[in-house]
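These notes concern the structure reproduced below.
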Amino acid sequence: MRITRSHTYIKESSKHRWDEKKLARVVEIAEALRRSELVSFWLEEAAKESERSFDAWFHALQNFSKQDIIDIINEIGPEAGERFIKRFG
């Protein structure tokens, strides 16, 4: 997962193939949540992805915007999107 953010559209920068409706639903839900809820979800998913990189992500987290965290959820992939919708939708 990249820590450095660039301001491009999610579907243009994604390495995953997202269903357009599912991605739109994730973004819609994420925009309505508190930043702390997004951080919590992302930390859980990031911990699953890579224990080695977790410390680096955790230290960089203080500089992330809400959009950065939405982008990170996108980078994790559609399976995380499914869990996100199930949890918050």
Side-chain angles (χ1 to χ4, degrees):
M1 229 182 283
R2 293 183 331 269
I3 290 176
T4 305
R5 314 297 327 146
S6 64
H7 297 286
T8 57
Y9 290 105
I10 291 174
K11 65 182 182 180
E12 292 174 5
S13 64
S14 180
K15 64 182 178 187
H16 300 285
R17 281 201 156 283
W18 276 82
D19 173 87
E20 293 283 329
K21 289 180 183 179
K22 203 171 288 181
L23 179 57
R25 181 71 177 132
V26 167
V27 170
E28 176 188 350
I29 293 168
E31 287 174 344
L33 293 175
R34 294 186 321 259
R35 186 175 185 278
S36 60
E37 292 172 308
L38 289 171
V39 168
S40 176
F41 180 80
W42 173 73
L43 285 173
E44 290 173 24
E45 292 298 317
K48 292 175 190 172
E49 281 293 306
S50 173
E51 291 183 23
R52 283 185 316 214
S53 299
F54 183 76
D55 287 337
W57 294 329
F58 188 71
H59 291 294
L61 185 61
Q62 65 187 349
N63 299 316
F64 289 175
S65 69
K66 192 172 180 178
Q67 183 59 51
D68 290 333
I69 298 166
I70 292 170
D71 292 346
I72 289 167
I73 292 170
N74 168 60
E75 288 177 20
I76 295 170
E79 295 81 18
E82 286 286 333
R83 290 187 294 274
F84 185 84
I85 292 168
K86 221 178 248 183
R87 181 170 175 174
F88 295 109

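All heavy atoms count here, side chains included; hydrogens, waters and symmetry mates do not. In this text the structure is predicted, and so the values were computed from the model without any measurement. Residues: numbered from 1 along the sequence shown.
The minimum heavy-atom distance linking Ala80 with Glu45 is given by the pair CB-OE1, 3.5 Å. Heavy atoms only, all atoms of each residue included: Ala30 and Ile70 are closest at CB-CG1, 3.5 Å.
Expressed to the nearest 0.5 Å, how far CG of Leu38 lies from CD of Gln67 amounts to 10.0 Å. How far CG of Leu33 is from CD of Glu31: 10.0 Å, rounded to the nearest 0.5 Å.
Pairs of residues two or more places apart, or lying in two chains, that qualify as ring pair (Phe, Tyr, Trp, His ring centres under 6.0 Å) and include a residue from residues 65-89 are Phe41-Phe84, Phe84-Phe88.
Residues meeting the salt bridge (Lys or Arg N to Asp or Glu O under 4.0 Å) test with Arg87, sequence neighbours left out: Glu44. Taking Arg35 as the reference, nothing meets the side-chain hydrogen bond (donor to acceptor under 3.5 Å, both in side chains) condition, with sequence neighbours excluded. Taking Glu82 as the reference, Lys22 meet the side-chain hydrogen bond (donor to acceptor under 3.5 Å, both in side chains) condition, with sequence neighbours excluded. Every residue meeting the salt bridge (Lys or Arg N to Asp or Glu O under 4.0 Å) condition with Glu28, not counting sequence neighbours, appears here in chain and number order: Arg25.
Put simply, the side chain of Asp68 gets close to the backbone of Ser65: a donor and an acceptor are under 3.5 Å apart.
A 4.5 Å side-chain heavy-atom check between Asn74 and Val26 finds every atom pair outside the cut-off.
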